[in-house]
Amino acid sequence: MSGQAITPRSVDFSGWYQDIIREAELADYGPVRGTMVIRPYGYAIWEHIQRNLDRRFKETGHVNAYFPLFIPYSFLQKEKEHIEGFSPELALVTVGGGKELEEPLVVRPTSETIINYMFARWIKSHRDLPLLINQWANVVRWEMRTRPFLRTLEFLWQEGHTAHATYEEAEAEAQRMIEVYRDFAENDGAVPVIVGRKSRLETFAGAIHTYTMEAMMGDKRALQAGTSHNLGQNFAKAFEIRYLDEHNELQYVWQTSWGLSTRFVGAVIMVHGDDKGLRLPPRLAPIQAVIVPIWRDEAQRANVLAAVEQLQRLLADAGVRVEADVRPQHTPGWKFNYWEMKGVPVRVEIGPRDVETNTVVLARRDMPGKAGKTAGVPVEGVAERVRELLDEVQTALFEQARAFRDANVHDVRSYEELREVIQAGGWARGWWAGSDEDELRVKEETRATIRCFPFEQPDGEGPCLLTGKKAERVAIFARAY
RNA sequence: CGGGGCGUAGCGCAGUCCGGUUAGCGCGCGUCGUUCGGGACGACGAGGUCGGAGGUUCAAAUCCUCUCGCCCCGACCA
């Protein structure tokens with residue numbers, strides 16, 4: 001912890017992002033290019049992401065399991081589009097125990113193949129369906145260009161894999177899970193998202209439909225924050241996953257897969273962070289309230305520390321994740337800055353004046369300086385007040401991010417308007433009936449891609465912004481991470 | 001993989017063009033003292049194979065060759 005000021009966000013977003021990761025002690029670079037060490041504070045955020053997602057998965061009937069890291073290379077080749085999509089970024093193990101392996105092993109880039117291989121052995125009857133499984137795991141994708149949390153050679157995620165009797169059930173599941181992600185992102189992460197379907201070009205390798213939630217970062221670039229796929233019967237046919245239906249006839253299952261990764265930590269940083277550091281949504285914050293004591297002499301110190309201890313217990317008993325920073329070597333001012341860098345949503349200050357009046361000072365991270373500070377808050381009922389404040393911060397962060405997002409999504413009617421909006425860094429929304437080639441052309445000329453066709457669509461139809469043809473839906477274009 | 005930049009103390013950098021005492025500075029770190037309501041101050045101190053290898057030279061952080069790594073911008077992607 002060097003304690004230095006970080007690069008201002010407006011000067012160099014990328015530099016700012018990296019500074020935050022270092023200064024808030026979220027992660028460090030690993031010795032191998034493109035790898036990162038997730039440090040305890042960063043990992044704690046991930047643990048809260050896990051906890052909140054896992055609860056939702058269980059509530060929707062899913063169970064956790066674990067599948068192997070190594071996958072026979074031949075498994076990936078069974079699904080044509082899947083292998084084509086992933087082969088450029090595979091890590092292969094060719095030597096084991098000092099001997100050349102007969103068949104190389106793939107370090108999983110995702111687990112559809114190995115999980116579906118197992119599904120084929122487990123699914124016999126319609127009574128075995130639906131099969132709803134999730135796994136928490138690491139995966140490896142040999143990316144060219146890496147960035148902490150957003151794209152690393154190895155990352156942590158969860159991947160859900162399900163099998164159903166009908167297309168309709170699988171489709172419902174794929175959409176249910178993107179809705180679970182949206183609920184999590186917006187309510188726990190305070191990250192507003194636009195949910196929709198990917199274009200054919202952007203659809204997952206091996207899927208028939210890919211759903212996504214797209215979030216706008218502080219530099220207005222888009223980030224795919226979670227995806228859900230309707231895999232149709234592609235893998236079922238590749239792995240012979242069949243069941244006997246009620247009429248004693250063999251049927252292929254219909255499947256989904258869905259994932260959300262440590263990338264979401266990057267989203268939280270880039271959506272909420274400011275020039276003072278991280279701003280964590282209370283529901284994901286490892287520490288929700290930090291107590292900073294203030295004293296001048298030994299007598300005051302004893303009194304203040306006694307009050308701090310009492311306060312800490314009050315808050316902890318009320319279910320607030322609280323920490324007291326009693327380190328003697330730092331001044332209060334230093335600690336204010338330190339915990340602001342760490343993004344702790346609420347700070348409780350307690351000094352001699354407060355002890356005398358049996359009050360505390362509360363400060364909220366989302367509002368800068370004095371505006372977010374309230375003095376003279378009675379200790380009596382302080383836990384309730386802190387809990388309310390945490391809810392207020394949670395809501396405020398979400399509203400702020402949503403206002404920013406909404407202010408930067410622009411409706412466009414022509415290619416010219418689209419170019420202008422993209423050039424200015426915003427998101428462009430417009431009627432689209434273009435072909436894959438048209439989409440590629442837009443990408444080549446503007447570096448923007450179709451992020452999704454939002455579920456939320458305007459009524460009626462309109463002329464395609466590029467071709468002028470009749471379009472039945474709008475697409476959102478943006479430059480993305 | 002193309003383009004650009006950079007490797008000197010934990011972090012940020014100066015020194016490199018033009019070779020020459022014991023390689024500096026700020027922050028951080030340790031001890032002691034004074035401090036403490038928005039990044040305190042003083043004194044003393046610890047910390048370096050100058051990314052690596054080879055070469056040129058009386059002498060290399062500095063010049064030459066090779067090499068490794070990291071960051072940024074592109075193409076590819078959660």
Side-chain angles (χ1 to χ4, degrees), chain A residues 1-7 12-15 17-19 22-23 25 28-36 85-90 109-110 138-159 181 198 201-202 204-205 210 212-215 222-229 257-267 276-277 292-298 300-301 304 326-341 347-355 360-361 363 368-370 372-373 375 440 443-444 447 449 479-481:
Chain A
M1 185 59 207
S2 65
Q4 294 304 291
I6 57 176
T7 307
D12 172 8
F13 194 83
S14 199
Y17 178 74
Q18 292 180 77
D19 285 352
R22 185 185 65 247
E23 292 297 320
E25 300 169 305
D28 209 340
Y29 295 101
V32 174
R33 176 197 75 87
T35 62
M36 74 167 174
F86 279 105
S87 58
E89 50 190 50
L90 291 181
T110 179
N138 58 340
V139 287
V140 168
R141 297 181 186 179
W142 216 262
E143 302 288 356
M144 288 306 182
R145 170 121 182 267
T146 60
R147 218 186 263 268
F149 289 112
L150 300 183
R151 186 171 300 104
T152 48
L153 295 196
E154 177 189 2
F155 58 92
L156 304 182
W157 75 347
Q158 57 70 215
E159 46 181 324
Y181 286 152
K198 283 292 188 190
L201 282 179
E202 303 276 333
F204 177 74
T210 287
T212 177
M213 59 174 181
E214 299 286 325
L223 184 77
Q224 178 172 316
T227 54
S228 177
H229 315 293
S257 69
W258 26 275
L260 185 146
S261 73
T262 36
R263 163 179 270 197
F264 198 85
V265 176
K276 305 213 90 187
V292 176
I294 297 152
W295 65 74
R296 281 173 193 280
D297 54 44
E298 279 308 301
Q300 288 182 346
R301 179 172 176 270
V304 167
V326 298
R327 290 178 291 179
Q329 70 269 34
H330 295 300
T331 62
W334 189 94
K335 290 176 184 174
F336 296 166
N337 285 285
Y338 176 83
W339 292 107
E340 279 166 3
M341 179 63 66
R347 181 178 70 236
V348 186
E349 302 171 20
I350 181 158
R353 293 204 298 264
D354 308 296
V355 171
V360 298
V361 175
K370 291 212 161 68
K373 243 177 166 174
L440 281 171
K443 181 176 180 181
E444 201 151 300
R447 280 162 52 209
T449 49
R479 288 181 185 160
Y481 276 98

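Basis for what follows: all heavy atoms, side chains included, without hydrogens, waters or symmetry-related copies. Throughout, a chain's letter reflects where its sequence line sits, starting with A, and its residues are numbered from 1. Computed from a predicted model, the values in this text were never measured in an experiment.
- The residue among Lys443(A) and Pro332(A) whose nearest nucleotide of RNA chain B is located toward the 5' end is Pro332(A).
- A75(B): no Watson-Crick or G-U partner with both key distances under 3.5 Å is found in any strand.
- Residue Glu89(A) has its side chain nearest to C77(B) when only C77(B), G39(B), A78(B) are considered.
- Annotation: side chain of Thr110(A) is in contact with side chain of Phe86(A) (closest heavy-atom distance under 4.5 Å).
- Base engagement by Phe155(A) is indicated by at least one non-hydrogen atom pair under 4.0 Å involving a base atom.
- Of all nucleotides present, only G26(B) satisfies the Watson-Crick or G-U wobble test against C11(B), with each distance under 3.5 Å.
- Pairing for U35(B) is absent, with no Watson-Crick or G-U wobble pair whose two atom distances lie under 3.5 Å.
- Side-chain proximity of Arg141(A) to G37(B), A78(B), C29(B): nearest is A78(B).
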All N/O contacts under 3.5 Å from nucleotides 2-5 of chain B to the protein, with atom names and distances to one decimal?
none

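- Gln224(A) comes within contact range of the sugar-phosphate backbone alone, with a heavy-atom separation under 4.0 Å but no base atom that close.
- In this structure, Arg353(A) has no side chain to side chain donor-acceptor pair (under 3.5 Å) partners at least two apart in sequence or on a different chain.
- The 5' end of RNA chain B is approached more closely, in terms of each residue's nearest nucleotide, by Pro148(A) than by the other of Pro148(A) and Leu153(A).
- Checking A78(B), G38(B), C29(B) against the side-chain heavy atoms of Phe336(A) singles out G38(B) as nearest.
- Interface remark: the Lys373(A) side chain does form a donor-acceptor pair with the G38(B) base, using a distance-only criterion of under 3.5 Å.
- Going from the C1' atom of G37(B) to that of U31(B) covers 28 Å, rounded to whole Å.
- Distances were taken from every side-chain heavy atom of Arg22(A) (C-beta onward) to each of C76(B), A75(B), C11(B); the shortest belongs to C11(B).
- Nearest nucleotide to the side chain of Arg447(A), out of A75(B), C29(B), G37(B): A75(B).
- The side chain of Thr152(A) sits closest to A78(B) out of A78(B), G37(B), G38(B).
- Inter-residue side-chain proximity for Trp142(A) and Leu90(A) is flagged as unmet; no heavy-atom pair is nearer than 4.5 Å.
- In this structure, Trp334(A) atom CH2 and G38(B) atom C1' are separated by 13 Å, rounded to whole Å.
- Across the P atoms, G38(B) and G33(B) are found 25 Å apart, a figure rounded to whole Å.
- Listed candidates were C29(B), G37(B), G39(B). Nearest to the side chain of Ile294(A) is G37(B).
- Asp354(A) comes within 4.0 angstrom of a nucleotide base, judged by non-hydrogen atoms across all strands.
- C27(B) and C68(B) have their P atoms separated by 38 Å, with the value rounded to a whole Å.
- Using a 4.0 Å heavy-atom criterion, one finds that Leu150(A) contacts the bases of the nucleic acid, with or without backbone contacts as well.
- Using a 4.5 Å heavy-atom threshold, the side chains of Phe155(A) and Met36(A) count as separate.
- Using a 4.0 Å heavy-atom criterion, one finds that Thr227(A) contacts no nucleic acid atom at all.
- Dashed line: the shortest gap from a side-chain N or O of Thr331(A) to OP1 or OP2 of G39(B) is not under 4.0 Å.
- Val355(A) is listed as a side-chain neighbour of Ile350(A), based on a closest heavy-atom distance under 4.5 Å.
- In this structure, Gly259(A) reaches neither bases nor backbone, as no heavy-atom distance under 4.0 Å exists between it and the strands shown.
- Nearest to the side-chain atoms of Pro352(A) among the listed nucleotides G37(B), G38(B), G39(B) stands G37(B).
- Spacing of C1' atoms, A60(B) relative to C17(B), comes out at 15 Å, to the nearest Å.
- A straight line from CZ of Arg147(A) to P of C76(B) spans 15 Å, rounded to a whole angstrom.
- Atom pair Tyr181(A):OH and A78(B):P shows a separation of 13 Å (rounding to whole Å applied).
- Across every strand in view, C6(B) sits in a pair with G69(B) that passes the Watson-Crick or G-U test at under 3.5 angstrom.
- For Glu340(A), whose side chain is taken as the heavy atoms from C-beta onward, the closest listed nucleotide among G39(B), C77(B), G38(B) is G38(B).
- G15(B) and G51(B) are spaced 15 Å apart, taking the P atom of each and rounding to whole Å.
- Distance Leu201(A) CG to C76(B) C1': 14 Å, rounded to the nearest Å.
- Residues Leu201(A) and Lys443(A) fail the side-chain proximity criterion, which asks for heavy atoms closer than 4.5 Å.
- Between Lys335(A) and Arg347(A), the closest side-chain pair of non-hydrogen atoms is not below 4.5 Å.
- Within a 6.0 Å sphere centred on CZ of Arg327(A), heavy atoms belonging to other residues, nucleotides or ligands number more than 12.
- Contact check, Lys370(A) against G37(B): no side-chain N or O comes under 4.0 Å of OP1 or OP2.
- Distance CD (Gln329(A)) to P (G28(B)): 12 Å, rounded to an integer number of Å.
- Taking only side-chain nitrogens and oxygens, Arg296(A) never comes nearer than 4.0 Å to OP1 or OP2 of G37(B).
- Taking atom CD of residue Gln18(A) and atom P of nucleotide C72(B), one finds them 4 Å apart after rounding to whole Å.
- When the C1' atom is used for both G3(B) and G10(B), the distance is 32 Å, rounded to whole Å.
- Between the CZ atom of Arg479(A) and the P atom of C76(B) there is a distance of 13 Å, rounded to whole Å.
- The gap from the C1' atom of A75(B) to that of C29(B) amounts to 44 Å, rounded to the nearest Å.
- Going from the C1' atom of C64(B) to that of G47(B) covers 33 Å, rounded to whole Å.
- Salt bridge Lys198(A)/Glu214(A): present, at least one basic N to carboxylate O contact under 4.0 Å.
- Of all nucleotides present, none satisfies the Watson-Crick or G-U wobble test against A46(B) with each distance under 3.5 Å.
- Of all nucleotides present, none satisfies the Watson-Crick or G-U wobble test against A61(B) with each distance under 3.5 Å.
- Figure legend: cation-pi geometry between Arg263(A) and Tyr481(A) absent, as NZ or CZ is not positioned both under 6.0 Å from the six-membered ring centre and within 45° of its axis.
- Using a 4.5 Å cut-off on side-chain heavy atoms (C-beta onward), Leu260(A) and Gln158(A) make contact.
- Spacing between atom CE of Met144(A) and atom C1' of C70(B) amounts to 17 Å, rounded to whole angstrom units.
- Partners of Tyr181(A) according to the ring-ring contact (aromatic ring centres under 6.0 Å, His included) rule, which considers only residues two or more places apart in sequence or in another chain, do not exist here.
- Among A75(B), C36(B), A78(B), the nucleotide with an atom closest to any side-chain atom of Arg151(A) is A78(B).
- Here Val139(A) lies out of heavy-atom contact (under 4.0 Å) with every strand.
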